[in-house]
Enquirer: 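This is the structure, below, for whatever I ask next.
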Amino acid sequence: GHFEEHITVKGHQEIEEISEAFNEMTNRLQETEQSRQEFVSNVSHELKTPLTSIKVLADTLLSQEGAPVEMYVEFLEDIRNEIDREDKIINDLLSLVKLNKKEVELNIDKININILIEQILRRLQPLAKKDNIELIFETHREVVAQIDEVKLTLGLTNIIENAIKYNLENGRVKISLDADHKFFYVKIVDSGVGIPKESIDKIFNRFYRVDKARSRETGGTGLGLAIAKNSILMHKGFINVKSKEGEGTTFTLRIPLYN
Ligand code: ADP
C-alpha cells in the first residue's frame with residue numbers, strides 16, 4: 001500500500017517534471033521561431049527602405065521633363081548614397097550570419113592586442129576627427145592572446161565606432177587594456193549621449209536603435225552591437241555595458257587569453 005503509493009506519487013511528479021520541461025522546450029522553440037520570423041521581417045524592411053527611396057528619386061527625375069543638369073546630379077548623388085546604405089546593410093548582415101553559424105570555427109592566431117587596438121584606432125581616426133573627438137589608448141602592459149584577429153577586430157571596431165558616433169563634439173573615447181593570467185580586459189569609455197535605462201537591455205538586439213534618426217544619419221544599420229556580441233561570445237568572452245544618459249557609456253570586455 002504505502003510503498004506503491006509512494007511510487008505512484010513519484011511517477012506523477014516525474015511526469016509533471018518532464019511535461020514541464022517539454023512545455024518550456026516548446027516555448028523556447030516557439031520563441032526561436034518567432035525571433036526568426038521577426039528577423040526575416042526586419043531584414044526585408046531594412047533592405048526595402050533604400051530601394052523605395054531609389055525608386056522615388058528615379059521616378060521623380062523621370063517625370064521632370066527638361067530638368068536642369070544640376071537636378072540630375074543631385075538626384076544621382078542621393079541615389080548613390082542609398083545604394084551605399086544598401087551595401088552596408090548587406091555587408092553587416094553577411095558578417096552577422098557568418099558569426100552566427102554554429103559550425104563556424106575561430107581562426108586562432110597569437111595576436112598582440114596592443115597593436116590590434118592601435119590599428120583599429122588609426123582606422124577610426126578620420127571619423128573621430130570630424131567631431132574633434134579625442135581617442136585615448138591607455139595600457140601598462142603588452143597583451144598577447146590567442147584570438148581570431150578578423151572576428152575580434154570586427155567586434156571591437158563596432159564598439160569603438162559607436163563610442164565615436166554617439167558622442168558629442170569635442171568629446172572623448174578612452175580605451176584601456178589590462179590582463180591577468182587568464183583573461184584580458186578592454187574597457188571603452190565614452191563621454192557621449194548615453195543610453196536610456198529602458199533601452200540598455202535591447203541594444204544588442206538586431207536592428208534595435210535608441211534613436212533611429214541619429215543611427216541613420218551616422219550610417220548605422222542597428223547590427224553593429226549584435227555583431228560585436230557574437231564576436232565576443234565566440235571567443236568565450238563576456239561583454240557588459242553601463243551607461244548614464246547625458247554622461248556617457250562604458251563597455252567592458254573580458255576575453256580568455258587562450259582559445
Ligand atoms: P547602429 O548601427 O545603429 O549604431 P548598433 O547595434 O551598433 O547599431 O547599436 C545599437 C544602438 O545602441 C545604437 O543605435 C545606439 O542607439 C545605441 N548605442 C550603441 N553604442 C552606444 C554608445 N556608445 N553610446 C550611446 N548609444 C549607443
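What you see below is based on every heavy atom in this structure, not just the backbone, and it leaves out hydrogens, waters and symmetry mates. Order of listing sets the numbers, starting from 1, for every ligand and every atom in it.
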Enquirer: Under the criterion side chain to side chain contact (heavy atoms under 4.5 Å, CB included), I'd like the reasoning laid out for Phe137 against Ser176: C-alpha separation, chi angles, the key distance, then a yes or no.
Expert: CA-CA 6 Å; Phe137 180 31; Ser176 49; over 6 Å; no
Enquirer: Taking the six-membered ring of Phe238, is NZ or CZ of Arg254 closer than 6.0 Å to its centre and within 45° of its axis?
Expert: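 Geometry flag: set, cation within 6.0 Å and 45°.
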Enquirer: Give a yes or no on whether a salt bridge exists between Glu138 and Arg172, defined as a side-chain N under 4.0 angstrom from a carboxylate O.
Expert: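 Salt bridge: no.
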Enquirer: Using 4.0 Å as the upper bound for N to carboxylate O, is an ion pair formed by Glu33 and Arg36?
Expert: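 The answer is yes: the pair qualifies as a salt bridge.
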Enquirer: Set out, in order, the CA-CA distance, both residues' side-chain angles and the distance that settles side chain to side chain contact (heavy atoms under 4.5 Å, CB included) for Thr139 and Phe184, then state yes or no.
Expert: CA-CA 11 Å; Thr139 183; Phe184 68 96; over 6 Å; no
Enquirer: Check each atom of ligand 1 against the heavy atoms of Ile195 and keep those under 4.0 Å away; list them by number with element.
Expert: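 Going through ligand 1 atom by atom, the ones under 4.0 Å from Ile195 are 25 (C), 26 (N), 27 (C).
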Enquirer: Hey, which atoms in ligand 1 end up nearer than 4.0 Å to a heavy atom of Leu225?
Expert: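 Listed by number with element, the hits are 5 (P), 6 (O), 7 (O), 9 (O), 19 (C).
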Enquirer: Applying a 4.0 Å heavy-atom criterion (strictly less than), which segment of Arg214 is in contact with ligand 1: side chain, backbone, both, or neither?
Expert: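 Under 4.0 Å from ligand 1, Arg214 contributes no heavy atoms.
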Enquirer: Measure the distance from atom 7 (O) of ligand 1 to every protein heavy atom, then report the residue, atom name and distance (to 0.1 Å) of the closest one.
Expert: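 Residue, atom and distance for the closest contact: Asn162 ND2, 2.9 Å.
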Enquirer: Among all the protein's non-hydrogen atoms, which is closest to atom 3 (O) of ligand 1, and how far away is it?
Expert: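 For atom 3 (O) of ligand 1, the nearest protein heavy atom comes out as Ser215 OG, 2.6 Å.
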Enquirer: Under 4.0 Å from a heavy atom of Ile203: give me the atoms of ligand 1 that qualify, with their elements.
Expert: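 Heavy-atom distances to Ile203 below 4.0 Å select 10 (C), 12 (O).
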Enquirer: Should you measure from each heavy atom of Thr221, which atoms of ligand 1 turn up under 4.0 Å away?
Expert: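 So the answer, numbered in order with elements, is 2 (O).
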Enquirer: What protein heavy atom sits nearest atom 8 (O) of ligand 1, and how far away is it?
Expert: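 For this ligand atom, the closest protein heavy atom is Gly222 CA, 3.2 Å.
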Enquirer: Which residue holds the protein heavy atom closest to atom 4 (O) of ligand 1, what is that atom called, and what is the gap in Å?
Expert: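 Looking only at protein heavy atoms, the one closest to atom 4 (O) of ligand 1 is Tyr166 OH, 2.7 Å.
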Enquirer: Is there a heavy atom of Lys165 sitting under 4.0 angstrom from any atom of ligand 1?
Expert: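 Lys165 counts as a contact of ligand 1 under the 4.0 Å cut-off.
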Enquirer: Which residue and non-hydrogen atom of the protein lie closest to atom 23 (N) of ligand 1, and at what distance in Å?
Expert: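 Heavy-atom neighbour on the protein nearest atom 23 (N) of ligand 1: Asp190 OD2, 2.9 Å.
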Enquirer: If you measure every N or O of Gly224 against every N or O of ligand 1, does any of those distances drop under 3.5 Å?
Expert: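 Between Gly224 and ligand 1 (N or O atoms, distance only) the closest approach is under 3.5 Å.
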Enquirer: List the closest protein heavy-atom neighbour of atom 11 (C) of ligand 1: residue, atom name, distance to the nearest 0.1 Å.
Expert: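 In this structure, atom 11 (C) of ligand 1 has Tyr208 O, 3.7 Å as its nearest protein heavy atom.
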Enquirer: Taking only Lys NZ, Arg NE, NH1 and NH2, and the carboxylate oxygens of Asp or Glu, determine whether Asp211 and Arg214 approach each other closer than 4.0 Å.
Expert: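 Salt bridge flag = no for Arg214 with Asp211.
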Enquirer: Count the heavy atoms belonging to other residues, nucleotides or ligands that lie under 6.0 Å from NZ of Lys88, then report whether that count exceeds 12.
Expert: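 Yes.
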Enquirer: Side chain, backbone, both or neither: which part of Leu223 has a heavy atom under 4.0 Å from ligand 1?
Expert: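 It is the backbone that gets close, since no side chain atom is under 4.0 Å.
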Enquirer: Let me know which of Thr252, Leu233, Ile159 forms a side-chain contact (heavy atoms from CB on, under 4.5 Å) with Ile239.
Expert: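 When side-chain contact (heavy atoms from CB on, under 4.5 Å) is applied between Ile239 and each of Thr252, Leu233, Ile159, only Ile159 qualifies.
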Enquirer: With a sphere of 6.0 Å drawn around OH of Tyr72, does it hold more than 12 non-hydrogen atoms of other residues, nucleotides or ligands?
Expert: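 Yes - once you tally the heavy atoms of other residues, nucleotides and ligands closer than 6.0 Å, there are more than 12.
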Enquirer: With heavy-atom distances below 4.0 Å as the criterion, list the atoms of ligand 1 near Val210.
Expert: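 Listed by number with element, the hits are 14 (O), 16 (O).
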Enquirer: Check for me whether Gly194 has a heavy atom closer than 4.0 Å to any atom of ligand 1.
Expert: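 It does, in that a heavy atom of Gly194 comes within the 4.0 Å cut-off of ligand 1.
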Enquirer: Which heavy atom of Leu257 sits nearest a heavy atom of Asp180, and at what distance?
Expert: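 Leu257 and Asp180 have their closest heavy atoms at CD1-O, 3.3 Å.
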Enquirer: So, Arg216 and Glu82, do they make that salt bridge, N to O below 4.0 Å?
Expert: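 Glu82 and Arg216: salt-bridged.
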Enquirer: Is there a heavy atom of Asn158 sitting under 4.0 angstrom from any atom of ligand 1?
Expert: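 Heavy atoms of Asn158 never come under 4.0 Å of ligand 1.
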Enquirer: Just to be sure I read this right, does ligand 1 sit under 4.0 Å from the backbone of Phe204, its side chain, both, or neither, counting only heavy atoms?
Expert: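 For Phe204, there is no contact with ligand 1 at all, from either part.
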